[in-house]
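Okay, so here's the structure we're looking at.
Treat the numbers as computed from the prediction; the structure is a model and nothing was measured.
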Amino acid sequence: MVAKETSRIERHFAVDINGWPQAIHTTTANVSERDGEKTLLALNSKQFRLVKRVMTDSGYTGDNFAGLAQSTISAETIIAKQSDLKNG
């Protein structure tokens with residue numbers, strides 16, 4: 001999952017293993033990455049019912065997001081370094 005800030009708008013993306021967008025949620029820039037992704041997961045939980053793992057960057061560290069992903073879509077969370085996400 002990736003958040004992109006542009007002109008006071010933040011876009012939250014969920015992409016598949018090939019980088020294809022699966023869900024997009026937009027918020028104002030003052031909404032945190034975790035809160036934006038929380039809403040994205042909640043709004044798209046049925047779509048993500050087969051997802052087993054969520055890989056995120058360090059903006060989503062902590063038990064709160066991992067617990068949220070587990071409780072919302074029953075998925076394990078893996079935190080990757082930005083360099084891992086770009087090269088992997």
Exercise answer: donor-acceptor pairs, residues 15-22 side-chain atoms, under 3.5 Å, sequence neighbours excluded:
from	atom 1	to	atom 2	distance (Å)
D16	OD1	N18	N	2.9
D16	OD1	G19	N	3.0
D16	OD1	W20	N	2.9
D16	OD2	Q22	NE2	3.3
Q22	NE2	W20	O	3.2

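- Of all heavy-atom pairs between T77 and A69, the closest is OG1-CB, 3.4 Å.
- The two residues E10 and A29 make their nearest non-hydrogen contact at OE1-O, 3.7 Å.
- A distance of 7.0 Å separates CD1 of I9 from OG1 of T26, quoted to the nearest 0.5 Å.
- Here the NE2 atom belonging to H12 is positioned 13.0 Å from the NZ atom belonging to K38, to the nearest 0.5 angstrom.
- When all heavy atoms of Q70 and E76 are compared, the pair lying nearest together is OE1-N, 4.1 Å.
- Note that NZ of K46 and CD1 of I73 are 15.0 Å apart. Values are rounded to the nearest 0.5 Å.
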Check: For R8 and T28, what are the C-alpha separation, side-chain angles and deciding distance, and is it a side chain to side chain contact (heavy atoms under 4.5 Å, CB included)?
Finding: CA-CA 6 Å; R8 303 182 48 97; T28 57; over 6 Å; no

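- Between G36 and H25, the closest heavy-atom pair is O-CD2, 3.6 Å.
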Checklist line | Step-by-step side chain to side chain contact (heavy atoms under 4.5 Å, CB included) determination, I78 to V54 | finding: CA-CA 6 Å; I78 300 169; V54 174; over 6 Å; no

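- Every residue meeting the side chain to side chain donor-acceptor pair (under 3.5 Å) condition with S32, not counting sequence neighbours, appears here in chain and number order: D35.
- Note that CD1 of I79 and OG1 of T56 are 3.0 Å apart. Values are rounded to the nearest 0.5 Å.
- Hydrophobic clustering (side-chain heavy atoms under 4.5 Å, transitive across Ile, Leu, Val, Met, Phe, Trp, Tyr) keeps L40 apart from V31.
- In this structure, CZ in R49 is found 12.0 Å from CG in N44, a value given to the nearest 0.5 Å.
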